[in-house]
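Structure first, commentary second.
The chains referred to below are lettered A, B, ... by the order of the sequence lines, with proteins before strands, and numbering in each begins at 1.
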Number of protein chains: 2
Amino acid sequence: MNMKEFSARTTLSAHTLRYYEKIGLLSDIHRSSNGHRFFTTKDLEWVAFIIRLKETGMPLESILEYSNLRALGESTNQERQALLEQHRDKLKSRIENEIQHLSALDAKIEYYTLNKTS
Amino acid sequence: MNMKEFSARTTLSAHTLRYYEKIGLLSDIHRSSNGHRFFTTKDLEWVAFIIRLKETGMPLESILEYSNLRALGESTNQERQALLEQHRDKLKSRIENEIQHLSALDAKIEYYTLNKTS
DNA sequence: TTACAAGTTAGAGTTTACTCTAGGTCAAGA
DNA sequence: TCTTGACCTAGAGTAAACTCTAACTTGTAA
């Protein structure tokens, strides 16, 4: 698919996608004869995974690390797994932290509600 | 307490704390005769709340909005409550999203584990 | 009294992740 | 043929949130 469709499907702007390619997050993107990028469903899956990692707070630099291991093939599976496990653990504690913050917020809101009638 | 102690207790650097004062997040900080800042336990509580909002993803600009309402006194309670409620709802959906990402990560890690012996 | 640790200001610099601009190519439709 | 729309590159600009620097003052301890 062309840039327009890929951009629409990934919800990332063409600018951002070119930027991701530039920093090495997207590699081996096909080009058609006129030099335009041509994306595949594999690319779609990979960008979806990038977005997942981003939305869980992983900085692009770490995603790039994972991406580089991926490019080296199967032999890096163990390292990649370790990276994901680390990230999962961080995510877990962040979620726990956020749940605590949520109940603290609820308490504060409750306090405002009670004071409304006073 | 002085800057050093306040910095230690809030876990924010002196630089960051001065920055927060500069942008208006911390107002009416007392000064001692020599011009040094002198913080109170009230300040400690307020910074703790700032950190809570920050850790739940609220940008400083929105925290500043809340802060400005707070400075206007009781009459802004309703507005402040609405702001917090909005934020709580956002936080809730973010947590839900993260929980989904977490299980997707688990699945991916599981996949690596299965492939280890193959 | 002199050195040191802690504080001050204004303003410059940094990092991350985009986001935009300028100047160009190319294919299809009116 | 001319315009329109999509694409390209290199590189500049932006926003958020710090983080650091330079130049200075002040209080205490040796």
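Residue contacts shown for A:Arg37 are limited to sugar-phosphate atoms, with no base heavy atom under 4.0 Å away. Within the nucleic acid shown, A:Lys22 comes within 4.0 Å of at least one base atom, counting heavy atoms only. Looking at heavy-atom distances under 4.0 Å, A:Phe38 makes no contact with the nucleic acid at all.
Between B:Leu25 atom CG and D:dA16 atom P the separation is 14 Å, expressed in whole Å. At whole-Å resolution of the value, CG in A:Leu17 and P in C:dC20 are 14 Å apart. Atom pair A:Asn34:CG and C:dG24:C1' shows a separation of 14 Å (rounding to whole Å applied). Note: CE (B:Met3) to P (C:dA6) measures 13 Å, nearest angstrom. Here the C1' atom of nucleotide C:dC26 and the NE2 atom of A:His36 are 6 Å apart, to the nearest Å.
When the nucleotides C:dT8, D:dT26, C:dT19 are ranked by their closest atom to the side chain of B:Arg31, C:dT8 comes out on top. For A:Glu61, taking side-chain heavy atoms from C-beta onward, the closest of the listed nucleotides C:dT19, C:dT16, D:dA6 is C:dT16. For B:His15, the listed nucleotide lying nearest its side chain is D:dT21; candidates were C:dT9, D:dT21, C:dG7. Closest to the side chain of B:Thr16, out of C:dA17, D:dT19, C:dA6, is D:dT19. Proximity note for A:Arg18 (side chain, C-beta onward) versus D:dT21, D:dC8, D:dG27: the nearest is D:dC8. Distance from the side chain of A:Lys4 is smallest for D:dC7 among the nucleotides C:dA17, C:dT19, D:dC7.
Under the 3.5 Å distance criterion, with hydrogens and angles disregarded, no donor-acceptor pair is assigned to the side chains of A:Asp106 and A:Ser103. Between the side chains of B:His30 and B:Thr40, not a single donor N or O lies within less than 3.5 Å of an accepting N or O. Checked by atom type, the side-chain pair B:Asn77/B:Arg80 shows a donor-acceptor distance below 3.5 Å.
When all heavy atoms of B:Trp46 and B:Leu25 are compared, the pair lying nearest together is NE1-O, 2.8 Å.
One N or O on the side chain of B:Thr113 and one on the backbone of B:Ile109 form a donor-acceptor pair closer than 3.5 Å.
If you find the closest nucleotide of DNA chain D to A:Asn2 and to B:Lys54, the one lying nearer the 5' end belongs to A:Asn2.
Contact annotation: A:Tyr19 does not reach the phosphate of C:dT16 (side-chain N/O to OP1 or OP2, under 4.0 Å).
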